[in-house]
Amino acid sequence: MSDPTVDPDEALSTVRREQPLVNSLTNAVTVNDVANATLYWGGLPVMSDDEREVADMVAGAQACLLNMGTVSEAGEAAMVAAGEAANENGVPLVVDPVGVGATPTRDRVAERLVSEVRPDVINGNYGEISAIAGADSEVRGVESVGEYADIAETAVAVARQADAVVVASGETDVVATDEAAFEVRAGHPMMAEVVGTGCMQGVTVATFAGAMDDALTAALAGTLAFGVAGEAAADGQFGEYAGPASYKIAFLDAIAGLGGVDLPDGDERIERVVETEA
Ligand SMILES: Nc1ncnc2c1ncn2[C@@H]1O[C@H](COP(=O)(O)OP(=O)(O)O)[C@@H](O)[C@H]1O
Ligand SMILES: Cc1ncsc1CCOP(=O)(O)O
Ligand SMILES: [Mg+2]
């Protein structure tokens, strides 16, 4: 497998030109951030999450996000219906298995969302991706704690298990397929101080996947652009900040303003760290 060519400037221009409609079924904690991140990248957000209409909305969308952060029994049924509609209509589907590993209920819901429907991308933190792999993991609530030295190999295993691209977020994000894993070296520790950055990363990948032809390239470009937005905000390019709350505002402004920033080439920040036979 040759390394994909990732040009984040071109990817961002494509998102802005295509303006993908992205239907997010997501948690009540960060839903507004997820909607605004979609809009600020250049997509069109809709948060339709009722089982009576979600299949129709997804059928007309260019991408769908299933984020199980606060999933209820009705929400679980709506997410499965949305995922099935995405699969039936060829709509790129991103699943964020928030908190999998923390409770048996979340383990069961995550299992449904990665096996009963077919995600194109699974986007979770190190602990969540490790939990899906059945590897050692420690997820406290929705936070990944502990060490994950083998996260790249674990991400490849999940990509193979689910036949999906996998984004494992953490200090260094890993993007994996069934035969390779890439480190995406971008981001800033301040991003970990804000609730919702993982959720916003998931909808970023969905928005890029809704505008681009290939899930792997979209996941790499979206993850890189997301991290560069975090860096630009931390560097004060989008306003001074006094702490994590004002940093979050600067971060959202960075997403909206990234079209005016010269983004690094993919090969400056993306390195293949695992290569196996599929
Ligand atoms: N220490 C860090 N340094 C740089 N980027 C980070 C760090 N911690 C988290 N991030 C970034 O913040 C975003 C959210 O990651 P994470 O906190 O793992 O997700 P979640 O919020 O779902 O737990 C990702 O883009 C990740 O790269
Ligand atoms: C705190 C919390 N509880 C249920 S969902 C949620 C938000 C999780 O956001 P992220 O995965 O981006 O940290
Ligand atoms: Mg998360």
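One is the number of the first residue; the rest follow in order along the sequence. Read the numbers this way: they start at 1 and go in the same order the structure lists the ligands and their atoms.
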Could you pull out the N/O contacts under 3.5 angstrom between ligand 1 and the surrounding protein atoms?
residue	atom	partner	partner atom	Å
ligand 1	5 (N)	H188	N	3.3
ligand 1	5 (N)	H188	O	3.4
ligand 1	18 (O)	S169	O	3.3
ligand 1	18 (O)	S169	OG	3.0
ligand 1	19 (O)	S169	OG	3.3
ligand 1	21 (O)	G198	N	3.3
ligand 1	23 (O)	N125	ND2	3.0
ligand 1	25 (O)	D173	OD2	3.4
ligand 1	25 (O)	Q201	OE1	2.8
ligand 1	27 (O)	G170	O	3.1
ligand 1	27 (O)	D173	OD1	2.7
ligand 1	27 (O)	D173	OD2	2.9

Report the distance from atom OG1 of T204 to atom CG of L224, rounding to the nearest 0.5 Å.
12.0 Å
Find the distance between CG (L220) and CE (M212) and round it off to the nearest 0.5 Å.
9.0 Å
Nearest neighbour in protein (non-hydrogen) for [atom]:
atom: atom 11 (O) of ligand 2; answer: C199 SG, 3.7 Å
atom: atom 13 (O) of ligand 2; answer: G196 N, 3.7 Å
atom: atom 1 (C) of ligand 2; answer: V142 CG2, 3.8 Å

Does any N/O atom on G69 come nearer than 3.5 Å to any N/O atom on ligand 2?
no
Give a yes or no on whether V203 and V175 share a hydrophobic cluster (residues Ile, Leu, Val, Met, Phe, Trp, Tyr; joining criterion: side-chain heavy atoms under 4.5 Å apart).
yes
Shared hydrophobic cluster, M79 / M57 (ILVMFWY, side-chain heavy atoms < 4.5 Å):
no
Between the side chains of R108 and E76, is the shortest nitrogen-to-carboxylate-oxygen separation below 4.0 Å, so that they form an ion pair?
yes
Is E231 salt-bridged to R185, going by a charged N under 4.0 Å from an acidic O?
no
Atoms of ligand 2, numbered as shown, that sit under 4.0 Å from any heavy atom of G198:
12 (O)
E268 atom CD: more than 12 heavy-atom contacts under 6.0 Å
yes
Is there a donor-acceptor contact under 3.5 Å from the side chain of N67 to the main chain of D96?
no
Side chain to side chain, T197 and Q201, heavy atoms closer than 4.5 Å:
no
Checking heavy atoms under 4.0 Å, the part of T197 that sits near ligand 2 is backbone
